[in-house]
Amino acid sequence: MRHKIDGFVKRTVKDLFGMEISPEITHPPSDDLGDYSSNAAFLLAKKIHKSPQDIAEMIARKIEGDIIEWAKAISGFLNIKIKKDAWLEELKTAIYRDYGNACWGNDMRVLIEFVSANPTGPLHVASARAASFGDSLSRILQSQGFEVDREYYIDDSGKQVELLGKSIELKIKELKGEKVDFPPDAYKGDYIIKLAKKAIKENICDYTKFGVKEVLKMQKGALDRFRITFSEWISESELKEKGEADRVIEDLQELKKSPFVKKDGALWFIAGKREGRVFIRSDGSYTYIVPDIAYHRYKFDRGYDVLIDLLGPDHIDHIPELEKSLELLGYPVENLLVKIIQWVTLKRGEEKIKMSKRSGEFITIDELLDEVGVDAARYLFLMRKSSMPMDFDLELAKEQSERNPVYYVQYGHARISSLLEFAREKNYITDSPEKLNLLRKDEEWKLMRKITEFKEVLEDAAKMKEPHLLCYYLLDLSKFYHNFYQKVRIIGGKEELIQPRLFLSNAIRNVLAMGLSLLGVSTPERM
RNA sequence: GCCCCUGUAGCUCAGUGGAUAGAGCAUCGGUUUCCUAAACCGGAGGUCGUAAGUUCGAAUCUUACCAGGGGUACCA
């Protein structure tokens with residue numbers, strides 16, 4: 001619908017003034033101003049030296065389109081009312097299972113990397129937020145015609161995993177009755193004890209390898225429970241073994257203008273105005289960024305058109321070096337989109353819950369799910385836009401679970417499901433698009449217009465890479481439906497209106513179901 | 001010091017260039033012999049952190065400042 005209007009406005013402007021513009025097509029603040037409005041006249045005012053109102057009037061007189069009821073110029077805006085038939089035609093399609101799907105993604109191949117936590121302990125809530133986000137964004141992009149793969153990068157080489165091995169080894173000694181001094185940065189927590197006991201039982205000698213394997217198993221289990229899947233798990237150590245990290249350094253050194261400087265026995269990467277960053281330590285080992293560059297190169301080499309990284313704010317400082325290196329190596333950095341998912345602060349009421357993996361005090365995904373459930377957790381994470389640091393109040397998520405936004409939307413779905421079931425028992429047809437033109441009430445028109453907004457919201461969410469837009473839309477749609485349901489008696493109301501109203505309800509249920517499944521939230525038939 | 005995020009109703013947050021700035025919670029009042037009251041309707045509640053600038057138009061963009069949070073390793 002929005003695309004059609006956009007086309008009409010552009011064509012009319014071209015016919016009238018011979019100019020190409022990109023007008024915005026939005027919804028006016030109140031219904032009596034029409035269904036859509038455009039700022040086209042404002043954009044043209046300066047170029048052709050006429051007042052926006054005059055231009056809008058010219059466009060309004062000239063504009064043509066099979067779905068336009070009327071077009072008016074109102075204080076400079078071009079306002080357009082859509083024919084009722086057009087809304088009804090749109091409504092008929094809203095009952096299909098692929099409603100809202102689009103193909104402007106053009107089968108572009110997208111690789112989205114997320115979570116990628118250190119394999120040194122259970123996943124905590126910040127990972128849960130990133131997991132919800134990455135999963136939902138993948139689904140939304142898929143719905144718009146992108147071909148999406150999801151990847152988890154395992155940081156299984158480096159000092160942190162050696163420390164994990166060491167922590168297990170020391171814990172074993174302690175369990176055997178030896179007195180041991182744990183280094184201050186050793187990993188603690190129940191899972192270390194569990195791993196140590198298991199290592200003893202299985203006669204393990206390589207504690208690091210064992211620890212990483214076991215921790216990954218734990219992480220996969222938690223993600224599974226959270227309904228998050230990945231197409232690929234890429235291991236840092238494997239990339240290193242294949243010599244990919246070496247190749248990055250070699251190729252960067254071969255450049256005409258080497259970006260490296262030796263200082264204090266370490267190899268520093270200097271690019272742009274920023275201070276340098278160490279790539280090779282004085283002991284000859286690579287810092288984290290080198291295999292990470294190799295990894296990104298590997299992503300590009302596999303032929304992806306767009307790379308999306310969802311990172312925690314602690315990675316911000318590495319982005320310039322990563323991008324600069326890839327650029328120097330000849331890769332299209334503009335196709336790499338790095339999105340920072342801000343931290344989550346856990347609270348219980350007023351009390352902040354401090355988290356530190358090393359000290360062993362943290363809330364894991366499993367504990368979170370035990371307390372608030374998958375659906376509530378996912379919806380609450382996804383409601384915030386990614387740049388927003390969020391407070392997650394466990395007390396509130398639990399206590400107010402009845403008034404939790406996710407239940408409001410799910411309740412809408414359950415309510416309609418039960419209505420439709422009741423209707424079928426009474427032998428009413430719930431999916432016949434006949435007599436829809438009998439729908440005339442305000443609440444019914446509002447719902448019809450709201451339904452078609454689904455397509456617009458999905459497109460916007462995919463373009464902006466922000467699933468929270470969908471969360472707010474679904475809340476809105478549910479609100480409109482609850483309002484309609486309360487005011488209009490369907491079964492038992494006017495006989496000729498029952499079937500069209502059931503169809504309308506069915507369409508709403510379909511949109512709610514598809515929206516919720518894009519968020520990874522379940523759609524209960526009853527509650 | 002430098003970098004990043006944030007500042008919108010009492011609270012939690014939407015709104016990122018358009019018209020009279022919205023929702024939930026909290027609060028006050030109302031709605032159930034009838035398809036799910038986990039619902040609905042109404043009231044009250046705003047110097048959009050401050051100031052300047054850009055613009056026909058700014059909560060939205062720019063700059064400076066103020067306030068809160070986070071980062072600032074040859075950890076990742």
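Only this structure's heavy atoms are used, side chains among them; waters, hydrogens and symmetry mates stay out.
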(Q) Let's see if you can work this out: which of A76(B), U16(B), C4(B) has an atom nearest to the side-chain heavy atoms of Q342(A)? (A) C4(B)

Q. From the list C40(B), A19(B), C34(B), which nucleotide is the closest neighbour of the side chain of R489(A)?
A. C34(B)

Q) Within the structure shown, what part of the strands sits under 4.0 Å from D155(A) by heavy-atom distance: base, sugar-phosphate, or nothing? A) sugar-phosphate

Q: Report yes if the ring of Y411(A) lies under 5.5 Å from the six-membered base ring of A39(B) with planes under 30°, and no otherwise.
A: no

Q) What is the distance from CD1 of I280(A) to P of A73(B), rounded to the nearest Å? A) 20 Å

**Q.** Plane angle bin for H315(A) and H318(A) - parallel if under 30°, tilted between 30 and 60°, otherwise perpendicular
**A.** tilted

Q.
OP1 or OP2 of G18(B) versus the side-chain N and O atoms of Y36(A): is any pair under 4.0 Å?
A. no

Q) With a non-hydrogen cut-off below 4.0 angstrom, is V488(A) in contact with a base, only sugar-phosphate, or nothing? A) base

Q. Where the side chain of Y472(A) is concerned, which of A14(B), U36(B), A76(B) is the nearest nucleotide?
A. A14(B)

Q: Have a look at Q53(A) and say if it touches a base, only the backbone sugar-phosphate, or nothing, with a 4.0 Å heavy-atom cut-off.
A: nothing

**Q.** Min side-chain heavy-atom separation F114(A)-I308(A) under 4.5 Å
**A.** no

Q | U31(B) phosphate, OP1 or OP2, under 4.0 Å from K487(A) side-chain N/O | A | no

Q: Return the nearest nucleotide to the side chain of P389(A); candidates are C5(B), A19(B), A14(B).
A: C5(B)

Q) Which whole number of Å gives the distance between the C1' atom of A14(B) and that of U31(B)? A) 29 Å

(Q) Quick check on RNA chain B: between M464(A) and D314(A), whose nearest nucleotide comes earlier from the 5' end? (A) M464(A)

Q.
Please classify the nucleic acid contact of S30(A) as base, sugar-phosphate, or nothing, using heavy-atom distances under 4.0 Å.
A. nothing

Q. Does U36(B) have OP1 or OP2 sitting under 4.0 Å from an N or O in the side chain of H413(A)?
A. no

Q.
Counting only side-chain heavy atoms from C-beta out, which of A76(B), G7(B), A37(B) sits nearest to Y485(A)?
A. A37(B)

Q.
From the set C35(B), C74(B), U6(B), return the single nucleotide nearest to any side-chain atom of W268(A).
A. C74(B)

Q: Ignoring backbone atoms, test whether R281(A) places a side-chain nitrogen or oxygen under 4.0 Å from the OP1 or OP2 oxygen of A76(B).
A: yes

Q: Quote, to the nearest angstrom, the P distance that separates G42(B) from C3(B).
A: 49 Å

Q. Just to confirm, is there a sub-4.0 Å distance from OP1 or OP2 of A37(B) to any side-chain nitrogen or oxygen of R415(A)?
A. yes

Q.
Any donor-acceptor pair, under 3.5 Å, between the side chain of K46(A) and the base of U55(B), if you only look at N and O atoms?
A. no

Q: Please determine, for the side chain of N483(A), which listed nucleotide (A14(B), A76(B), C41(B)) has the closest atom?
A: C41(B)

(Q) Any N or O donor-acceptor pair under 3.5 Å from the base of A19(B) to the side chain of N79(A)? (A) yes

Q | Closest contact, heavy atoms only, A397(A) versus N404(A) | A | O-ND2, 3.5 Å

Q: Quick one: look up who C65(B) pairs with, Watson-Crick or G-U, both distances under 3.5 Å, and put none if it's unpaired.
A: G49(B)

Q | Rounded distance (Å) that lies between atom C1' of A38(B) and atom CD of Q410(A) | A | 11 Å

Q. Atom CZ of R509(A) and atom C1' of C35(B): how far apart are they, to the nearest Å?
A. 15 Å

Q. When you match E24(A) and L469(A) each to their closest nucleotide on RNA chain B, which lands nearer the 5' end?
A. L469(A)

Q: May I have the distance from Y481(A) (atom OH) to C35(B) (atom P), rounded to whole angstrom?
A: 13 Å

Q: Measure distances between side-chain N and O atoms of T120(A) and base N and O atoms of A76(B), and say whether any donor-acceptor pair falls under 3.5 Å.
A: no

Q. Can you tell me how far P in C25(B) sits from the matching atom in C65(B), rounded to whole Å?
A. 41 Å

Q.
Only pairs with both distances under 3.5 Å count, Watson-Crick or wobble alike; so what is the partner of A38(B) in this structure?
A. none

Q: Output the single nucleotide from U12(B), G15(B), U36(B) whose closest atom is nearest the side chain of R384(A).
A: U12(B)

Q) In whole Å, what separates the P atom of G15(B) from that of A9(B)? A) 15 Å

Q. Starting at CG of D292(A) and ending at C1' of A76(B), how long is that distance when rounded to a whole Å?
A. 10 Å

(Q) Around atom CD of E496(A), are there more than 12 heavy atoms from other residues, nucleotides or ligands closer than 6.0 Å? (A) yes

Q.
Heavy atoms from C-beta onward define the side chain here; which of A19(B), A37(B), C13(B) lies closest to that of L33(A)?
A. A19(B)

Q. Atom CG of N404(A) to atom P of A38(B): distance rounded to whole Å?
A. 15 Å

Q | G-U wobble or Watson-Crick pairing nucleotide for U12(B) (cut-off 3.5 Å, both distances) | A | A23(B)

Q | U6(B) and C13(B), which share atom name P, separated by this distance in whole Å | A | 12 Å

Q) If only side-chain N and O atoms of K479(A) are considered, is one of them under 4.0 Å from the OP1 or OP2 phosphate oxygen of G24(B)? A) yes

Q.
Applying a 4.0 Å non-hydrogen cut-off, can you work out what A414(A) is touching in the nucleic acid: base, sugar-phosphate, or nothing?
A. base

**Q.** Aromatic ring pairing Y152(A)/F230(A), orientation class (parallel under 30°, perpendicular over 60°, tilted between)
**A.** perpendicular

Q) Parallel, tilted or perpendicular: which describes the rings of F260(A) and F269(A), with under 30° parallel and over 60° perpendicular? A) perpendicular

Q.
Quick check: any donor-acceptor pair below 3.5 Å linking the side-chain of S282(A) to the base of C74(B)?
A. yes

**Q.** Between P of A37(B) and OH of Y408(A), the distance in whole Å
**A.** 13 Å

(Q) Does either side chain, that of Q160(A) or that of Y187(A), offer a donor lying less than 3.5 Å from an acceptor on the other one? (A) no

Q: Give the rounded distance in Å between these two atoms: CG of L382(A) and C1' of C13(B).
A: 15 Å

Q: Go through K209(A) and D156(A) one step at a time and tell me if the salt bridge (Lys or Arg N to Asp or Glu O under 4.0 Å) criterion holds.
A: CA-CA 9 Å; K209(A) 208 171 158 193; D156(A) 58 352; over 6 Å; no

Q | Nearest-Å distance once atom C1' is located in both G17(B) and A58(B) | A | 7 Å

**Q.** Proximity to the side chain of A266(A) - top-ranked nucleotide from A19(B), C5(B), C74(B)
**A.** C74(B)

Q) Can a donor-acceptor pair be found between the side chains of E456(A) and H27(A) at a distance below 3.5 Å? A) yes

Q. Quick one: does NZ or CZ of K72(A) land under 6.0 Å from the six-membered ring centre of W70(A), within 45 degrees of the ring axis?
A. yes

Q | Distance-only donor-acceptor test (3.5 Å): side chain H468(A), base A14(B) | A | no

Q) If we take the C1' atom in both A51(B) and G7(B), what is their distance in whole Å? A) 16 Å

Q. Who does G18(B) pair with, Watson-Crick or G-U, both distances under 3.5 Å?
A. C56(B)

Q. Between U16(B) and A52(B), how far is it from one P atom to the other, in whole Å?
A. 25 Å

Q) Has S387(A) got a side-chain N or O lying under 4.0 Å from the OP1 or OP2 atom of U6(B)? A) yes

Q: Taking only the side-chain nitrogens and oxygens of R526(A), find out if one of them lies under 4.0 Å from OP1 or OP2 of A38(B).
A: no

